[in-house]
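Read through the structure below, which is laid out as structure tokens, and then see the notes.
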There are 2 protein chains.
Amino acid sequence: MTDVARLAGVSVKTVSRVVNDEPGVHPDTASQVLAAIDSLGFRRHIGASNLRRGRSTGTVGLVLEDVSNPFYSGLTRAVEEVARSHGCQVLTGSSDADPTREHQLAAEFCARRVDGLIVVPTGDQHGYLAPEQHAGTPIVCADRPPRGLTADTVLVDNVGGARAAVAHLAAHGHRRIAFLGDSSHIFTAGERLRGFREGCALAGIELPEHLIQMAAPTEASIGDALRAVLDGPSPATALFTGNNRATVHALRALHERDHRPALVGFDDFELADLLRPAVTVIAHDPAELGRAAAERLFARMRGDSTPAKQVVLPVRLVPRGSGEVST
Amino acid sequence: MTDVARLAGVSVKTVSRVVNDEPGVHPDTASQVLAAIDSLGFRRHIGASNLRRGRSTGTVGLVLEDVSNPFYSGLTRAVEEVARSHGCQVLTGSSDADPTREHQLAAEFCARRVDGLIVVPTGDQHGYLAPEQHAGTPIVCADRPPRGLTADTVLVDNVGGARAAVAHLAAHGHRRIAFLGDSSHIFTAGERLRGFREGCALAGIELPEHLIQMAAPTEASIGDALRAVLDGPSPATALFTGNNRATVHALRALHERDHRPALVGFDDFELADLLRPAVTVIAHDPAELGRAAAERLFARMRGDSTPAKQVVLPVRLVPRGSGEVST
DNA sequence: GGGGAGTCTGACAACGATGTCATAGCGCGG
DNA sequence: CCGCGCTATGACATCGTTGTCAGACTCCCC
């Protein structure tokens, strides 16, 4: 900037004025400055500018589990979109469901002075975010609520969705329904299990414990879980899978079997409608989740200081056929 | 930091030393400082630190078309991973294939002084990146080469893949093969078309122009394209779709037809193996692409100044059945 | 006791930008 | 010709850090 000033024969302050479109610069001076900027290829240093102005950095942080999971990439895109409409940029980081990693990412984002933080919380304790929050960084949680922290939260109706899934299967005559969920310390898995139990109770279905399988949604453990619920003495006639990963792994594992149980999956996924049978799902919109979380965040950043809210987005059952398959 | 210094009864410089683990601070002093830091909830301002040090900001920018597309989200994840291993964070932005938007994103990232930039180029002209590059920001292009700019580039073997697809279809007796590709000003679409033509020539297949349909991969235009190649007087018996979006839309449109042509798609996609018939694809690994691009970028950031290289990653045909369907 | 080496600390400037305030120059009415 | 008001500009301090350098102090040996 000093160089530009020298070349244009003006002071740095005048250059600053031109760069920031401040009024009160003579047009001739301005064009000289612009020429100098051009010829030197000058680019304003946003970091320094932010430092001086002392306000926003124009960035928000997004901590999630894994961008490459379509659920999170849809969410990411929506956050990006909202951020863009507010002239803001997004720092993303995948925690891989590792609480330590999540903590690190959040801390790094805060050290970079993001103006706000959207977190998909992993692990049991999010009190570590309190200092940041108290220091004035708005925090919004998406998909799961934080523990040990009060913050705006956007969820989907996990319990209602799971109940609807059970009701759908029960309506098609199923009485032995298995639940394949993620590790139960994950909030959504726990909620969906709760909804599942409630749904079973409402339908008067007895629920032997071996039909409940909670494990990380990897190919291997879903395979194990399937064997456990299908190969026993009283095999399940229907499955409810707790998230898109579990559903996909289950489909692949089922593919090798002659006899396929009915299936309803939580989370919609691409091509679910083209499989045969097409897969019935509890659908919700990851983009809607991201959008809602981001809008909430920007409202906070604009100064909204009402008490923290929890928003629950609706889900809907999309019947596609797989829920009707009967043994 | 001044506050911390005052509370600890030392100078700011000493606080700085403690914060940065510089040697030569008396343990007692250090613990007093740490106590003060704790009690004030002090967080070092990385932006200011970077400004003073004048070096890296510890961030890289990633400009792509759309994070919510699984191809790009896989790439993003890989970039993030490599960046993490170098202690770096990632700013992402989706251009939606809009050159103006791409330009904006790149410029904003540069104004934030990213240490490097990975771009999936859109549009015809990337000379606008030259000043940034010349100013010392390493730039790597992924998936497509830049035009009007010399930069490291990581591609996949578009031509070879398309040739392989045609060869596969020809080997199964097809002589009327249609190509459904993206708008031809997109590099990958052009290359795949070239490979397609070459493959046809090699197989001695004549190629009427109405079998070549280039359009944005939306549901509507793929539907139109399909009607054009299947409902004419000499309908295609096989399709080659130019990218994952086109393949998915084509599958959905084909689903309503009684008679399904053989199909090979460029880009692998989840569940391709579970459809019936399973979809034969030209597969490559988006994560590998991201990793290679990021590694190249960090090599440049570490000072590698060898001439710009172009790397072409191999693709492989994954036969799954759909390529063998015959009319 | 003088002096050199070593340890610990702080004053100050600087990174690149901008807010504040002062000032130079101009036109114009009285 | 004075002085007011307005426009265009610049000097300087400052944002939160860290590099440089100098100073104060201790210790130890001749």
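Below, chains carry the letters A, B, ... as their sequence lines are ordered, and counting in each starts from 1. Computed from a predicted structure; not experimentally measured.
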Specify the separation, in whole Å, of atom [atom1] of [X] and atom [atom2] of [N].
{"X": "B/Arg112", "N": "C/dA17", "atom1": "CZ", "atom2": "C1'", "answer": "15 Å"}
{"X": "B/His26", "N": "C/dT7", "atom1": "NE2", "atom2": "P", "answer": "13 Å"}
{"X": "A/Arg6", "N": "D/dA11", "atom1": "CZ", "atom2": "P", "answer": "13 Å"}
{"X": "B/Asn20", "N": "D/dT20", "atom1": "CG", "atom2": "P", "answer": "14 Å"}
{"X": "B/Ile46", "N": "C/dG16", "atom1": "CD1", "atom2": "P", "answer": "19 Å"}

Residue-phosphate contact under 4.0 Å: B/Ser49 side-chain N/O, D/dT18 OP1/OP2: yes
Phosphate-side-chain proximity, A/Thr14 and D/dA8, N/O vs OP1/OP2 below 4.0 Å: no
Test item: A/His86 and A/Glu295 side chains (from C-beta on) under 4.5 Å apart, heavy atoms: yes
pair B/Glu288-B/Val156: side-chain heavy atoms closer than 4.5 Å: no
Just call it for [X]: base, sugar-phosphate, or nothing, with non-hydrogen atoms closer than 4.0 Å on any strand.
{"X": "A/Asn50", "result": "nothing"}
{"X": "B/Val19", "result": "nothing"}
{"X": "B/Thr2", "result": "nothing"}
{"X": "A/Gly24", "result": "base"}

Hydrogens and angles aside, do [X] and [Y] bring a side-chain donor and acceptor to less than 3.5 Å of each other?
{"X": "A/Glu80", "Y": "B/Ser94", "value": "yes"}
{"X": "A/Arg53", "Y": "A/Ser49", "value": "yes"}
{"X": "B/Thr137", "Y": "B/Glu132", "value": "no"}
{"X": "A/His45", "Y": "B/Arg112", "value": "no"}
{"X": "A/Thr57", "Y": "A/Asp115", "value": "yes"}

Donor-acceptor contact below 3.5 Å, side chain A/Asn243 vs main chain A/Arg245: yes
Under-3.5 Å N/O pairs linking protein and nucleotides 19-28 of chain C:
residue, atom, partner, partner atom, Å
C/dG19, N7, A/Lys13, NZ, 2.8

Residue A/Ser11, side-chain heavy atoms: nucleotide from D/dA11, C/dG10, D/dT18 that is nearest: D/dA11
B/Pro23 or A/Val15, whichever maps to the more 5' nucleotide of DNA chain C: B/Pro23
5'-most by nearest nucleotide on DNA chain C - B/Leu51 or B/Ala30: B/Ala30
B/Asp66 bridged to A/Arg77 by N-O distance under 4.0 Å: yes
For DNA chain C, the residues among residues 31-45 of chain A that have a non-hydrogen atom under 4.0 Å from it: A/Phe42, A/Arg43, A/Arg44, A/His45
